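Working notes for the structure below.
Computed from a predicted model, the values in this text were never measured in an experiment.
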Number of protein chains: 2
Amino acid sequence: MAPKTDESTELKIKEAARKVFHSKGFAGAKTRDIAEEAGINLALLNYYFRSKQKLFEIIMLESMQQFMHSMSGVFNDMDSSFEEKLELIAERYLKLFSQEPDLPIFMLTELRQGQGAEVIKHINLRSILLESYFVKQYADLQAEGKIGPMPFLQFVLNLMSFCVFPFMAAPIIKHIGGLKDAEFTAMVEERKRLIPIWVQSMLRAD
Amino acid sequence: MAPKTDESTELKIKEAARKVFHSKGFAGAKTRDIAEEAGINLALLNYYFRSKQKLFEIIMLESMQQFMHSMSGVFNDMDSSFEEKLELIAERYLKLFSQEPDLPIFMLTELRQGQGAEVIKHINLRSILLESYFVKQYADLQAEGKIGPMPFLQFVLNLMSFCVFPFMAAPIIKHIGGLKDAEFTAMVEERKRLIPIWVQSMLRAD
DNA sequence: AAGAGATTTAATCAAATGATTAAATTTTGG
DNA sequence: CCAAAATTTAATCATTTGATTAAATCTCTT
C-alpha cells in the first residue's frame, strides 16, 4: 500500500503531532499518543523524525509560519487602505483561531519556556512586521494627524490581543458568560465586526 | 529545629511548587525539581502533600484566588466611580503580573487542559463578576446613554486582554520591539495610564 | 517472479519519574 | 533525661516514556 516515498505517512504523523502538541504542549505530549493518533507504531515515528524534539521543532516552525502567513499577505498589500487592513486582519485571525483554537496558547507557552525559544530566531518576525507597508500607512496617518500618537508596538499589541485573547480564555469566558459553543462562536463573529471599530476609536483617543 | 507542626517547611514546599508549576506547567513540573527548589527531600514532599496532583490542586486554587482577590475588592467598592475603577483595575493587574509574569499563561493553560478544569467550578467566578457593583455601574451608565451598547462580557474581555496579554506575549514583544527588560517595564507603566483611556474611547465607539 | 531496498512492526532497553518504605534523627511531654 | 511522637532522610519500587533493534512485510525494478 505504501509507495516508495510515502509522504502520506509522514503527513499523517505530522498532523497527529500537531494536534497532540497543540493541545498538550511539549511536556504533556507523549510520543505514544502521537503514534496512536496517527494510527502507526511508535518506532515508525522515530524512523521518520528521529526524536520527539526534532518532530516538535518542525511542528513549532510550521505553526509559527501558519501564524505569520495569515498576516504577511495583508500587511504588505498595496491595494488596501489602513482601515481595510484592520478589517482583514480581524477577519483572518478570528477565522484562523476558530479553526485552530489551541494555536495561540501553544505558541506563547512554548516561546516562553525553553522549547520554542530558539525557533523565533530563525524567523524574521521583527522585519516582517516593522518593514511592512502597514507600518508605513500607520506612520503616514500619524504624520497627517488622522490618528493619535500611540506607538506602533502598542497598537499591534492591542490589535493582536483583541484577536487572540478570546480563544486563550475561552473556557473562562464560557463559564462566566454561561455560553454554549454556538453562543461563543456568535460572540467571536460579533468581534470580527467590532474590533476594527474599537481599534479606530482607540487610535483617536489619546 | 523543626517545631511540632512545622509550617515553615510546608510553606517552603508550597512556595517552591508555585514557582515550578507556574514556569513549567503541570506536565513539565517534576516533583524532584520542586523538592530541590524547596531545599528538601522528595519523600518529604509526599509526606506533606501526598501526591503531585494534590499539591498542584492547592497551588492552582491559591493562584486563582490570588487572581480574583486583586479584583473583587475593586469590583464591589461603593466609593469609587466607574472611571476610577478602570484605573484601579489596570493599576492592580499590571502590578500583579509584573510580579508574577507567569501567572496568566499558567492559569489559562491549565484551565484549558484537564488539570485545572475542575478548580473553576469550586469558585463562584461567575457570580463574583456578574453580581458586582461594577456591573451595576456599567448598566446604569448604559441606561443613561453615557456609554454605548457593548455587552458587559465583551467589555470585561477587552479590559482583561489589555492587562493580561502583554505578559503572555512578553518574549515576542521584546523580540519584535527589540526591548530590554527595563524598556518592557516602561511600556507596561505607560499602559497603566493608557488602558483606562483606551477603554473609555471604545465604550463610546459603537 | 526474484531479490534488493524501503517500510512497518513487536519486543526490548535505559532513563526519568511519581511514590513508598524502613530506618535514622529530632522534638515534645512527663 | 527518657520514651513516644513527629520529622527527615536514603534507598528502593513500579510505571511511564523516549528511543533502539532485529525481524517481518511490502514495494518496486528487472
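- Distance CZ (A/F49) to C1' (D/dT20): 18 Å, rounded to an integer number of Å.
- Remark on DNA chain D: of its neighbouring residues A/K30 and A/A43, the 5'-side contact belongs to A/K30, judged by nearest-heavy-atom nucleotide.
- You'll find that the side chain of B/L42 is closest to C/dG18, out of D/dA19, C/dG18, D/dT8.
- The distance from atom CD1 of B/I40 to atom P of D/dA10 is 12 Å, rounded to the nearest whole Å.
- Among the nucleotides C/dG18, C/dA10, D/dA19, the one closest to any side-chain atom of A/S51 is D/dA19.
- At least one donor-acceptor pair under 3.5 Å links the side chain of B/Q137 to the backbone N or O of B/S80.
- The cationic group of B/K174 lies under 6.0 Å from the six-membered ring centre of B/F184 and within 45° of the ring axis, placing it in a cation-pi geometry.
- The separation between A/Q53 atom CD and C/dA16 atom P is 15 Å, rounded to whole Å.
- B/K54 has its NZ atom 13 Å from the C1' atom of C/dG18, to the nearest Å.
- With distances taken from any side-chain atom of B/T31 to the nucleotides C/dT9, D/dT20, C/dG18, the minimum falls on C/dG18.
- Distances shorter than 4.0 Å separate some side-chain N or O of B/N41 from OP1 or OP2 on D/dA10.
- Rounded to whole Å, atom C1' of D/dT16 lies 15 Å from atom CD of A/E36.
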Residues B/Q66, B/E62; criterion side-chain hydrogen bond (donor to acceptor under 3.5 Å, both in side chains); working and verdict:
CA-CA 6 Å; B/Q66 181 183 22; B/E62 291 188 1; over 6 Å; no
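- If you check every strand for non-hydrogen atoms under 4.0 Å, A/A35 touches nothing.
- Summarising the geometry, the separation between CG on B/N46 and C1' on D/dT9 is reported as 13 Å, rounded to the nearest angstrom.
- Nucleic acid contact class of A/A27 (heavy atoms, under 4.0 Å, all strands): none.
- Side-chain N/O atoms of B/Y47 include none lying less than 4.0 angstrom from OP1 or OP2 on D/dT9.
- Here the nucleotide nearest the side chain of B/R32, chosen from D/dA19, C/dT17, C/dA10, is C/dT17.
- Counting only heavy atoms from C-beta on, A/K52 has its side chain closest to D/dG18 among C/dT9, C/dA19, D/dG18.
- With B/R92 contributing its side chain and B/M71 its backbone, the two residues share no donor-acceptor pair below 3.5 Å.
- Whole-Å rounding puts the B/D33 CG to C/dT17 C1' distance at 10 Å.
- Side-chain atoms of B/K52 come within 3.5 Å of backbone N or O of B/A29 as a donor-acceptor pair.
- Of the candidate nucleotides C/dT17, D/dT9, C/dT8, C/dT8 has the atom nearest to the side chain of A/L44.
- If you check D/dT8, D/dG18, C/dT20 against the side chain of B/T9, the one that comes closest is D/dT8.
- Here the P atom of nucleotide D/dT17 and the CZ atom of A/F56 are 18 Å apart, to the nearest Å.
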